[in-house]
Amino acid sequence: MSESQLWDDVDAYFTAHLAPEDDALAAARRESDAAGLPPVSVTATQGKFLQLLAQVQGARTVLEIGTLGGCSTIWLARALPSDGRLVTLEYSARHAEVATRNIARAGLEALVDVRVGPALESLPQLADENPPPFDLVFIDADKGNNARYLEWALRLTSTGSLIVVDNVVRGGRVADAGATSDDVRGTRAALELIGSHPRLSGTALQTVGAKGYDGFALARVLA
C-alpha cells in the first residue's frame, strides 16, 4: 500500500466515525464537482475541525475569505447560534452561485452573507460597515495575498478572536528557499507576520490525508 493510499484510508476511517457528511454536505460536494469547481474543498474531518473550533470559541460571528462551493461555510455556519452571522467572500461569481445554492439547501441562508468580488475590495467595504468584531476568521483564498488578508483579519477582530490560515505547507515548498512562487511567498509572509506581530500568538501544524501533504496556521488575537 502506498503512503498516500494509507492517508486516504485513515481519513475515510476518521470520517466514518467522527465526521460523517449528511445529505446537505454530500450534495454540496456533488454540486461543486458537477459545476467544475476546483477539487480543493475542505475534507469532512477538516470541516468538522473548523466547526469544533468555532464552537469552542463560542463564536457568534465568522468571516470566511474564500467560499468556493460552500462546504467549509456550511460546517462553520452550523456552529453558530440562530442569531449568528457568517460573512463569506468569494472572487468568482460562478463559485458564489454554486455556494449560495448549497448553503440554501442546508437551510443556512439566514445566517450566511455571500459577497462576490475580489476580497481586497470587499474587505474595506465590510470594514466601512463597522461590524462587531468577528470571533473567528478562516482564510482560504488565493495564497499570494495571505498576509494582506491576515492584516484585514486583525482589523476586523478583537482580543480573543481566532484566525485560521489554510494550506500553509504548500507541499513542503514553504521551507524550500528555492521556491519563490506567489503562493509560497504569500504564505511565508503570513506566517512571518503571525510570528512577529505583537497582537498575535500562533502556531502551524502539518497534516496528511485525503488532500495530501498540507497544513494550517492558527493564531489568537491578543490585547
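Hydrogens, waters and symmetry mates are skipped; everything else that's a heavy atom, side chains included, is used.
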Determine, step by step, whether Ile103 and Thr73 satisfy the side chain to side chain contact (heavy atoms under 4.5 Å, CB included) criterion, reporting the C-alpha distance in whole Å, the side-chain angles of both residues, the deciding distance to 0.1 Å, and the verdict. CA-CA 8 Å; Ile103 292 161; Thr73 317; 3.8 Å; yes

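- Residues Ile194 and Val164 do not share a hydrophobic cluster, defined by chaining ILVMFWY side chains whose heavy atoms lie under 4.5 Å apart.
- At a threshold of 4.5 Å between non-hydrogen side-chain atoms, the residues Asn146 and Val165 count as touching.
- In this structure Lys48 satisfies the side-chain contact (heavy atoms from CB on, under 4.5 Å) test together with Ala19, Gln51, Leu52, Trp75, sequence neighbours excluded.
- Considering every non-hydrogen atom in both Ser32 and Gly69, the closest pair reads OG-CA, 3.5 Å.
- Within the model, atoms CG of Leu162 and CG of Asp135 stand 9.0 Å from one another, a figure rounded to the nearest 0.5 Å.
- Around atom CG of Asp23, no more than 12 heavy atoms belonging to other residues, nucleotides or ligands sit under 6.0 Å away.
- Side-chain atoms of Arg173 and Ser181 form a donor-acceptor pair, as typed in the model, at a separation below 3.5 Å.
- Between the side chains of Ser72 and Glu64, at least one donor N or O lies within less than 3.5 Å of an accepting N or O.
- Residues Leu123 and Leu89 have side chains in contact (heavy-atom distance under 4.5 Å, counting atoms from C-beta outward).
- The salt bridge (charged side-chain N to carboxylate O under 4.0 Å, His left out) analysis of residues 140-150, with sequence neighbours excluded, yields the pairs Asp140-Lys143.
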From CA spacing to verdict: side-chain hydrogen bond (donor to acceptor under 3.5 Å, both in side chains), Arg115, Thr88: CA-CA 6 Å; Arg115 302 192 179 193; Thr88 183; over 6 Å; no

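- Note that CG of Leu63 is 9.5 Å distant from CZ of Arg85, once rounded to the nearest 0.5 Å.
- For Asp214 (side chain) and Thr207 (main-chain N/O), no donor-acceptor pair under 3.5 Å exists by modelled atom type.
- In terms of the salt bridge (charged side-chain N to carboxylate O under 4.0 Å, His left out) criterion, residue partners of Asp22 (sequence neighbours excluded) are, by chain and number, Arg78.
- In this structure a side-chain-to-backbone donor-acceptor pair under 3.5 Å is missing from Gln57 to Ala59.
- With contacts defined as side-chain heavy-atom distances shorter than 4.5 Å, the pair Val87/Phe134 qualifies.
- In this structure, Tyr91 places its OH atom where only 12 or fewer heavy-atom neighbours from other residues, nucleotides or ligands lie under 6.0 Å away.
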